Structures are given as C-alpha cells and as structure tokens.
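Just so you know, these numbers use all the heavy atoms, side chains as well, and skip hydrogens, waters and symmetry mates. All figures in this text were calculated on a predicted structure; none of them were measured in a lab.
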2 protein chains.
Amino acid sequence: MNPEKVTSQQVAKLAGVSQSAVSRVYTPGASASKKTMLKVHKAAETLGYRPNSLARAMVSGKSRIIGLIVAYLDNQFYPDAIEKLSNSLQANGYHVLIFMASKTAEGLDSVIEEIMDYQVDGIIAASVALSSSLAQRCSSMGVPIVLFNRAQQDDGFSSVTSDNVSGGAKAARFLMEGGHTKIGYIAGWEGASTQRDREFGFVAALQQAGLKLHAREVGQFEMEQASSATRRMFATDAPDAVFVANDHMAFAVMDTLRFELGLRIPEDVSVVGYDDVPAASWLAYNLTTVRQRANQMVQETVRILLDQVEGNGDQDQHIAIGSPLIVRGSARKPKGY
Amino acid sequence: MNPEKVTSQQVAKLAGVSQSAVSRVYTPGASASKKTMLKVHKAAETLGYRPNSLARAMVSGKSRIIGLIVAYLDNQFYPDAIEKLSNSLQANGYHVLIFMASKTAEGLDSVIEEIMDYQVDGIIAASVALSSSLAQRCSSMGVPIVLFNRAQQDDGFSSVTSDNVSGGAKAARFLMEGGHTKIGYIAGWEGASTQRDREFGFVAALQQAGLKLHAREVGQFEMEQASSATRRMFATDAPDAVFVANDHMAFAVMDTLRFELGLRIPEDVSVVGYDDVPAASWLAYNLTTVRQRANQMVQETVRILLDQVEGNGDQDQHIAIGSPLIVRGSARKPKGY
DNA sequence: ATAATGTTTACATGCGTATGCAAAAGTCTA
DNA sequence: TAGACTTTTGCATACGCATGTAAACATTAT
C-alpha cells in the first residue's frame with residue numbers, strides 16, 4: 001500500500017538536471033554528455049527509477065506491444081509457437097499481449113477491438129481467420145497484421161505458413177511409394193487454409209499417379225471428432241493408409257485404430273500426420289509426419305511484422321516455409337528408407 | 001500509413017459536448033444523462049472512437065494488465081493453464097502480458113523489471129521461483145503476485161497449488177494396495193516445491209506402511225532426463241512400480257520401459273504420474289495419475305489476485321486444491337477398482 | 001412561488017514521458 | 001583570441017484521458 005512511483009522528475013532533481021535530460025539518457029537516439037549520463041544513472045540507481053512504458057507509449061505513439069491472438073492451445077504446435085514467438089519478440093524489445101479467441105470466432109471482432117485499445121504496434125493472428133472488415137480497420141489504423149499458420153491471399157495482411165500443398169503431396173507420394181493403394185484422408189476444419197491446402201496437395205499428387213482418394217472423413221482438428229471419423233472410415237472397405245490433416249488428430253486416429261479396431265500400425269494400416277509436434281516423436285506414436293518448421297516460421301513472422309511496424313514496411317508478403325517429411329515408424333517405408 | 005487517431009476531443013466536438021462528458025460516458029461509475037449518452041454514442045459510432053487504454057491507464061493508475069510469467073510450455077499442463085487463466089482474466093476485463101522466463105531463471109529479475117515497466121496491476125508467476133528481493137520490490141510498488149503451481153511460504157505473496165503432499169500419498173497408497181513392494185520414484189527438478197511436496201507425501205505414506213523407497217532417480221521434469229533416469233533405475237534390481245513426479249516425464253518413462261526395456265505396463269511394472277494432462281488419457285498411455293484440477297486452480301488464482309488488485313486485498317493466501325487420483329490402466333489395480 | 005436538494009455539465013488540471021526549439025556550452029580552426 | 005560549428009541542455013508543450021471543483025440545470029418539498 002505504498003505505491004512509491006519514481007518519475008523522471010525526481011531523478012532529474014536529484015541529479016541536478018532537467019527532466020528532459022533524464023529522458024534523453026534513456027532514449028537511445030538522443031544526445032547526452034557522459035557527465036550527465038553518469039549523474040542521471042547514479043540518481044536513477046539510488047531512487048530505483050525505471051521509465052514508465054505506458055507514458056512513453058503515449059507520447060511516442062509506439063507501445064512496443066504486439067497483440068497475439070490464438071485459438072487453440074491443445075494442439076501442441078501452438079504452445080510451441082507461442083514460446084518461440086514470445087522469445088523472439090522479447091529479444092527485439094517487444095512484448096506480447098495475448099488473447100484467446102473463442103474457437104468459434106464469434107467474439108473475434110471484439111477481441112481485436114480490445115487489442116487495438118491497447119495501441120499495439122502490430123498483431124499476430126495464429127490459426128485464426130480475419131474478416132476483411134477487420135483487416136480494413138486495422139490497416140486504416142496503421143496496425144500491421146501477420147497471419148501465422150493460416151493464409152488469406154486477397155486481404156490486406158501478410159501470412160506465414162508451411163508449404164502445405166507440397167507437404168500434402170509429399171505425404172501422398174510417400175504412401176504410394178510404400179505400396180498403398182487404398183488411401184484415406186481425415187480432414188481438419190474445412191474453413192482453415194491449412195486444411196484445404198494440405199488436402200489439395202495430397203489429392204493432386206494421388207491423381208497425378210492415377211490414384212483416387214479411397215475415403216474421406218472430417219475430423220475438425222479435434223481428437224474426439226477424429227476418432228469418430230476413423231470409426232466411420234474403417235467401418236466398411238477399410239483403407240490401408242491414412243493421411244491425417246494434423247498430428248493432433250493423428251494421435252487420436254492411431255489410438256482408435258490400435259485400441260478400438262485392433263489394427264497394427266504400420267503392418268495393417270499406415271498413418272501419416274502433419275506438424276511434427278513433440279509428441280510425434282514419442283515412441284508410443286513414433287509418427288511419420290510432415291514437419292512444420294516452427295523456428296523458421298516464427299523467424300519469418302517476426303521479421304515481416306517488425307519490418308512493417310518499423311516502417312521499412314514492404315508490401316504484404318505470403319511466405320510458405322518448406323516442409324520436409326519426417327519418416328518414423330507409423331507408416332510402411334518404401335525401399336530405400 | 002494513415003493512422004487516424006480518434007480522440008475523445010473529436011467525439012466531444014461532433015457530439016456538441018465537452019471532452020469530460022465523453023469520458024464519463026465511457027466510465028462505468030460516472031454520471032451522464034441519457035441525452036448526452038445518446039449523442040456521444042452516436043458521434044463515437046460515426047467516428048469509430050474507442051477509448052485509448054494506455055491513456056486511461058496513465059491517469060487512472062490502473063492498466064488492467066496482468067503480467068504472466070511462464071517457464072515451460074512443453075509440459076501440456078501450462079498451455080492449458082494459460083488458456084484458462086487468460087480466459088478468466090479477459091472475462092474480468094483484464095488482459096495478459098505474457099513473458100517467457102528462461103528455464104534457468106537467470107534473466108528472471110530483468111523480466112520482472114520489464115513487466116513492471118508496463119505498470120501491470122498484478123503478476124502471476126507460473127512454475128517459477130521468485131527471489132525475495134524481487135518480491136520486496138513488487139510489494140513496495142503495490143503489485144501483488146500470485147504463484148501458480150509453486151509455493152514459497154515465507155515471502156510476501158500468495159500461491160495456489162494442488163495438494164501435492166496428499167497427492168503423493170494417494171499415489172503411494174494406490175501402488176501399495178496394488179500389491180507392489182519395490183517402488184521407485186522419479187523426481188523432478190529439486191528446486192521446485194511441487195517436486196518436494198509430492199515426494200514428501202509419497203515417501204511418508206510408504207513409511208507409514210513400513211515400506212521404504214526402493215529406488216530414486218532425478219528426471220528434472222524433462223523427458224530426456226526422465227528416460228535416462230529410467231534406464232539407471234532399471235539397470236539393476238528393477239522396481240515393480242514407479243511414481244513419476246509429473247505426467248510429462250511419465251510419458252518418457254513409459255516409452256522407455258516399453259520400447260527400450262521391453263517391459264509390459266502394468267503387467268511387469270506399474271506407472272503413476274501427476275497432473276492429468278490431456279495426453280494422460282490418450283489410450284497409448286492411459287496413465288493412472290493424480291489430477292491437478294486446473295480449473296479450480298485458475299479460479300482461485302484469479303480470485304486472489306483480483307481481490308488484491310482491487311484493494312479488497314486480504315493477506316497473502318496459500319491455497320492447495322484437492323488432487324484426486326485418476327485410475328486408468330498404467331498401474332495394476334487393487335481389488336475394488 | 002421559493003428554497004433546498006440532487007444531477008449533470010464544462011473547465012481546468014495532471015498522469016509521466018518525448019521532443020522541437022532556442023539558448024548555452026563546448027570544440028575546433030585560422 | 002575571435003569566429004564558425006557542433007553538441008548539450010532547459011523550457012515548454014503535447015500525448016489522450018479521468019477527475020475534482022464549481023457552475024448550471026432539473027427535481028422535489030415547503
């Protein structure tokens with residue numbers, strides 16, 4: 001109950017200089033003599049002074065806050081990404097105001113409004129689709145947005161994803177090379193560009209080899225739904241391989257195949273996922289999957305966003321990071337692996 | 001490049017009232033007539049006005065920002081907790097500034113300083129130990145701190161954990177009732193109160209039944225280390241049951257037991273974990289574990305913190321939420337389950 | 001009708017900092 | 001040593017809003 005605020009005024013008085021001198025000492029670009037710097041630092045030290053970021057933001061117009069919107073945290077890919085994003089932004093002197101978007105994207109607009117109220121310098125939207133009216137509003141306020149792991153070509157913002165199309169294709173070719181002919185696909189939420197692109201690449205590669213999708217069910221990126229999708233898919237004319245739109249669902253698929261349907265993986269059925277989340281390498285799953293290179297994705301996201309924030313702002317960019325296939329044990333291996 | 005800021009001034013002019021009238025319309029407790037409210041709202045609507053949270057924070061001294069410090073995000077328990085915390089705080093009109101603390105806690109002090117620079121109203125530290133000098137500093141600034149899933153009795157802040165001691169005891173009794181006599185323990189990072197309490201409760205319950213810990217290794221809450229701990233523990237005179245300090249490690253333990261050592265679970269060895277993270281119920285693990293009730297923990301954490309923030313601040317509280325044993329298939333079941 | 005009360009309003013000020021401007025203090029050259 | 005620069009400094013102001021104060025207004029009681 002003793003909120004002793006230390007202001008630059010007090011430091012100035014103690015140091016025997018003006019408030020503006022104190023300010024300049026703490027402002028990178030400003031001019032201050034060695035002497036005053038010393039005096040100010042000493043005074044600041046004894047008083048325990050630290051510049052008030054909020055006041056600084058008010059006058060400078062730059063809050064050094066980045067808004068981060070996330071929908072899912074149960075899919076391990078996102079916590080991982082958040083950690084990396086946060087670290088990278090911290091390293092650049094920015095901080096992260098985090099917002100959970102209800103998965104239904106109902107309140108998304110109001111969430112964004114709230115974010116903007118804090119005068120964020122930029123926004124990263126992970127796995128979230130933005131209405132173009134929102135995008136309009138943000139860009140008119142000069143707040144750049146980068147979509148992380150989701151793409152929307154036409155609107156006014158950048159995006160960073162993995163190369164989902166070619167990733168899907170890689171999965172298809174791997175399964176075909178493994179000798180599979182009855183290949184199923186378990187889709188994610190159809191509204192997601194990741195889902196669409198992965199499926200597109202996958203199906204295109206099958207077709208290119210003269211193969212048709214043997215079965216298709218929708219799992220909505222949720223484990224429960226993926227389980228029922230699996231049951232439906234294997235009820236009649238079971239496929240000999242399944243590509244699942246992400247690892248998170250793939251775990252449910254594998255559990256269902258093994259423990260409910262009594263199938264062996266990969267002897268009876270091959271499973272390939274997408275993301276390469278940490279659990280994919282856990283031996284109980286040992287999942288063959290397409291890796292999203294979170295590090296590069298984060299790096300690009302931060303680079304693009306900060307470029308735009310700091311005014312070196314190029315045009316909107318749409319980046320797709322290469323996505324290698326990680327071969328483990330959940331899918332039959334073609335010769336040569 | 002057209003950052004058209006709309007201020008309360010402009011709204012006031014358009015509405016034909018004073019700036020303070022506009023402010024009062026947007027300030028819950030303030031008085032404003034129906035007429036002016038209408039005029040102001042209409043003007044605000046057409047201009048697209050929203051109050052600037054930062055300016056508001058400056059003058060009111062309340063930022064409605066809560067700093068959240070997290071160390072790990074690979075253990076699923078924390079993403080889950082973050083999601084719940086964030087939702088709960090958002091529902092109360094607060095927002096979350098998130099900080100990743102390097103696991104080594106080196107830069108923790110500087111992280112806290114940065115947090116404080118943003119004039120946060122309170123701090124939640126998840127799975128992080130604070131130096132008492134830091135605590136000093138925060139409380140002198142009037143910024144309450146709540147430790148989440150970590151306890152430190154003597155210093156000046158509250159904490160919310162599960163009842164780790166009794167949770168550990170439950171695990172011990174369950175294993176003993178299951179007929180195990182050679183019971184091992186794989187510890188987490190020894191600096192963590194959760195680790196200490198779980199082990200204490202576990203060992204105490206064993207002793208109470210006249211049993212001694214058969215083996216003990218340290219896994220540091222990390223999967224790699226947990227795997228090597230398992231190898232060491234089972235190299236000679238293998239136990240017939242293992243209690244692992246958290247689920248995250250337990251998965252590595254189970255994988256190592258099954259796929260490296262060729263042991264069957266629970267026929268050859270029983271495994272019990274702690275946390276009940278989502279993956280514990282995945283059938284590949286189907287882990288018997290002690291549940292940390294994240295919902296209640298979050299609820300209590302937010303309640304305590306906001307009480308203190310909003311001045312109804314009681315004394316520091318140390319809350320331990322009851323932690324039930326969730327019986328699944330990874331440990332041999334005593335009769336009656 | 002008037003006084004007494006209760007509501008609503010505008011004015012003015014301050015939150016803590018950055019920054020343009022002009023004066024002051026240094027630095028260098030001839 | 002004077003003049004021409006360059007660097008440093010203090011002053012004043014502005015950022016956008018909330019709030020204390022006193023005046024204006026509306027409502028009720030007498």
Side-chain angles (χ1 to χ4, degrees), chain A residues 3-41 43-44 47-65 93 114 116-121 141-142, chain B residues 3-41 43-44 47-65 93 114 116-121 141-142:
Chain A
E4 35 174 284
K5 297 254 190 191
V6 182
T7 75
S8 56
Q9 297 277 6
Q10 307 176 24
V11 176
K13 192 162 52 179
L14 182 65
V17 298
S18 72
Q19 179 271 326
S20 47
V22 177
S23 171
R24 283 187 241 270
V25 168
Y26 284 92
T27 306
S31 83
S33 67
K34 292 263 184 229
K35 239 187 304 177
T36 48
M37 278 190 60
L38 223 68
K39 285 193 291 184
V40 167
H41 274 135
L47 291 181
Y49 170 75
R50 304 214 98 214
N52 180 330
S53 293
L54 262 38
R56 192 177 271 218
M58 272 231 23
V59 44
S60 73
K62 258 68 193 65
S63 64
R64 301 194 79 80
I65 298 180
E114 287 181 37
M116 306 271 292
D117 293 348
Y118 279 97
Q119 315 299 113
V120 296
D121 290 344
M141 302 272 294
Chain B
E4 35 175 283
K5 296 257 191 189
V6 183
T7 75
S8 56
Q9 297 276 8
Q10 308 175 26
V11 176
K13 192 161 52 179
L14 182 66
V17 298
S18 73
Q19 178 270 326
S20 49
V22 177
S23 170
R24 283 185 239 271
V25 168
Y26 284 91
T27 306
S31 85
S33 67
K34 291 262 184 233
K35 237 186 306 179
T36 48
M37 278 189 60
L38 223 66
K39 286 193 290 186
V40 166
H41 274 135
L47 291 181
Y49 169 75
R50 304 216 95 216
N52 180 329
S53 293
L54 262 38
R56 194 177 269 221
M58 273 234 18
V59 44
S60 73
K62 257 69 193 65
S63 64
R64 301 195 77 82
I65 298 178
E114 287 181 36
M116 306 272 291
D117 292 349
Y118 281 95
Q119 314 299 114
V120 296
D121 291 344
M141 301 273 294

In whole Å, what is the span from the CG atom of B:Asn52 to the C1' atom of D:dC15? 9 Å
Test item: B:Arg50 and B:Val6 side chains (from C-beta on) under 4.5 Å apart, heavy atoms: no
Please tell me which of the listed nucleotides, C:dT17, C:dG16, D:dG16, lies nearest to the side chain of A:Ser8? C:dT17
Using side-chain heavy atoms (C-beta onward) and a distance below 4.5 Å, is B:Met37 in contact with B:Tyr26? no
Can you check whether B:Thr7 has a side-chain N or O nearer than 4.0 Å to OP1 or OP2 of D:dG16? no
Please state how far atom CG in B:Leu54 lies from atom P in C:dA18, giving the value in whole angstrom units. 14 Å
Looking only at non-hydrogen atoms, find the nearest pair between B:Ala43 and B:Ala15 and report the distance. CB-CB, 3.8 Å
Without decimals, in angstroms, what is the distance between A:Arg64 CZ and C:dA18 P? 12 Å
Min side-chain heavy-atom separation B:Tyr118-B:Ser63 under 4.5 Å: no
With a 4.0 Å cutoff (strictly under), does any side-chain N or O of B:Ser31 reach OP1 or OP2 of C:dT7? no
At 4.0 Å (heavy atoms only), tell me whether A:Ala30 reaches a base, stays on the sugar-phosphate, or touches nothing. nothing
Have a look at B:Ala32 and say if it touches a base, only the backbone sugar-phosphate, or nothing, with a 4.0 Å heavy-atom cut-off. sugar-phosphate
Sub-3.5 Å donor-acceptor pair from the side chain of B:Gln10 to the main-chain atoms of B:Tyr49, do we have one? no
Might you list the N or O atoms of the protein lying below 3.5 Å from N or O atoms in nucleotides 18-22 of chain D, with each pair's distance?
| residue | atom | partner | partner atom | Å |
| --- | --- | --- | --- | --- |
| D:dA18 | OP1 | B:Arg56 | NE | 2.6 |
| D:dA18 | OP1 | B:Arg56 | NH2 | 3.2 |
| D:dA18 | OP2 | B:Ser23 | OG | 2.5 |
| D:dA18 | O5' | B:Ser23 | OG | 3.4 |
| D:dA18 | N7 | B:Gln19 | NE2 | 3.4 |
| D:dA18 | N6 | B:Gln19 | OE1 | 3.0 |
| D:dG20 | O6 | B:Arg24 | NH2 | 3.1 |

Is there a side-chain contact between A:Leu14 and A:Leu47 (heavy atoms, below 4.5 Å)? yes
Euclidean distance, atom CD of residue B:Gln119 to atom P of C:dC15 [Å, nearest integer]: 14 Å
Starting at atom NZ of B:Lys13, determine the distance to atom P of C:dC11, rounded to an integer number of angstrom. 14 Å
What integer distance in Å separates A:Met58:CE from C:dG14:P? 16 Å
Rounding to an integer number of Å, can you tell me how far A:Met37 CE sits from D:dT7 C1'? 15 Å
Check whether any side-chain heavy atom of A:Val17 lies under 4.5 Å from a side-chain heavy atom of A:Val22, and answer yes or no. yes
Atom pair distance, as rounded to whole Å: CE in B:Met116 and P in C:dG16: 15 Å
Does a side-chain N or O from B:Thr36 land closer than 4.0 Å to OP1 or OP2 of C:dT8, or not? no
